[in-house]
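First up is the structure itself, then whatever we jot down about it.
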Amino acid sequence: MSTITITMHERRFFERIYQVVEQVPRGQVSTYGDIAIIVGGGCDARIVGLAMGDLGPRAAKVPWQRIINRSGGISTQGSNQRELLVAEGVEFDEKGKVRLERVRWPGPGAEWATKHGFQPLPARTSKDDEEDKSQLRLF
DNA sequence: ATGCTGACTAACA
DNA sequence: TTGTTAGCCAGCA
């Protein structure tokens, strides 16, 4: 391949990010990092954040509010992101965080991912499961 | 071209 | 447990 100066990944990266974010269903959330993994090709959590910040008019059809940080917290400032999520049924704890282990989007379906050239989200580790259990309560 | 900032994270103290 | 540090890459001055 010609040494095509890697002119950066172009803005086309953003479009793919939006395509994935659109798959996150109401009532669930995903993280910047997870979206980056699904998009693949060197995408990074920060790029996802940049893409979200550059939505503009697309914000109407891309559920940007469902993307939160790895800590289960809201990264935006001065936005109604939390309110929007609450309205969708996502619960926050006293620390203002979402229980990711409970409402985290498991990633796109294998078929969809393959069809569109995306990468399925890696299975969660046993360590994650332990964390989940520790937070889980037999109500 | 160089440096700084940012809707991030994993690693470490 | 929480706070800090260093890498990330794209956009802009």
Side-chain angles (χ1 to χ4, degrees):
Chain A
M1 320 316 238
S2 55
T3 56
I4 309 172
T5 13
I6 309 175
T7 55
M8 302 175 249
H9 308 286
E10 303 181 18
R11 196 173 188 118
R12 188 171 299 177
F13 232 8
F14 285 12
E15 295 305 323
R16 287 178 72 69
I17 288 171
Y18 299 148
Q19 195 176 352
V20 173
V21 174
E22 284 182 55
Q23 309 307 310
V24 183
R26 178 192 177 84
Q28 294 193 311
V29 301
S30 189
T31 70
Y32 299 94
D34 282 351
I35 297 300
I37 290 174
I38 294 167
V39 171
C43 188
D44 181 82
R46 287 207 159 197
I47 299 179
V48 175
L50 290 170
M52 294 299 98
D54 194 53
L55 270 169
R58 299 192 191 73
K61 76 170 191 176
V62 177
W64 60 272
Q65 73 275 20
R66 294 172 194 159
I67 308 304
I68 61 180
N69 64 45
R70 195 69 183 75
S71 304
I74 300 297
S75 293
T76 55
Q77 291 177 32
S79 80
N80 59 336
Q81 183 169 15
R82 175 168 169 158
E83 292 175 10
L84 289 172
L85 289 177
V86 170
E88 297 186 349
V90 177
E91 296 177 24
F92 287 76
D93 63 22
E94 296 181 352
K95 297 174 185 175
K97 301 208 173 164
V98 174
R99 288 188 182 185
L100 284 176
E101 73 282 354
R102 188 176 177 180
V103 295
R104 178 190 176 210
W105 180 50
E111 289 182 36
W112 186 89
T114 300
K115 179 180 179 182
H116 298 278
F118 286 108
Q119 209 166 353
L121 210 52
R124 296 161 59 210
T125 67
S126 57
K127 182 181 180 182
D128 289 331
D129 289 336
E130 286 181 39
E131 292 181 352
D132 291 357
K133 289 183 179 179
S134 69
Q135 300 226 25
L136 203 68
R137 295 230 170 164
L138 314 175
F139 80 94

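Partners of A:P25 according to the side chain to side chain contact (heavy atoms under 4.5 Å, CB included) rule, which considers only residues two or more places apart in sequence or in another chain, are A:Q28, A:W105. Residues that satisfy the side chain to side chain contact (heavy atoms under 4.5 Å, CB included) test with A:S79, not counting sequence neighbours, are A:W64, A:T76, A:Q81. The side chain to side chain donor-acceptor pair (under 3.5 Å) test applied to A:Q23 returns no partner, not counting sequence neighbours. The side chain to side chain contact (heavy atoms under 4.5 Å, CB included) check on A:K115 picks up nothing, with sequence neighbours excluded. Residues forming a salt bridge (charged side-chain N to carboxylate O under 4.0 Å, His left out) with A:E88 (at least two apart in sequence, or on another chain): A:R66. Among residues two or more places apart in sequence or in another chain, the side chain to side chain donor-acceptor pair (under 3.5 Å) test is passed with A:S71 by none. Applying the side chain to side chain donor-acceptor pair (under 3.5 Å) rule to A:S75 yields the partners A:N69; only residues at least two apart in sequence or on another chain are considered. Not a single side chain to side chain contact (heavy atoms under 4.5 Å, CB included) links A:A87 to another residue, sequence neighbours left out.
With rounding to whole Å, A:N69 atom CG is found 14 Å from C:dG3 atom P.
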Using the 3.5 Å cut-off, write out each protein N or O paired with an N or O of nucleotides 6-8 of chain C and the distance between them.
from	atom 1	to	atom 2	distance (Å)
C:dC8	O2	A:R46	NE	3.4

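Of the residues in residues 28-36 of chain A, those placing a heavy atom less than 4.0 Å from an atom of DNA chain B are A:T31, A:Y32, A:G33, in numerical order.
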Considering only distance and modelled atom types, tabulate donor-acceptor pairs under 3.5 Å from the side chains of residues 40-52 of chain A, sequence neighbours left out.
from	atom 1	to	atom 2	distance (Å)
A:D44	OD2	A:R46	N	2.8

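Nucleotides of DNA chain B lying under 4.0 Å from heavy atoms of chain A occupy a range whose first and last members, 5' to 3', are B:dG6 to B:dA10.
The closest side-chain heavy-atom distance from A:I17 to A:V62 is not below 4.5 Å.
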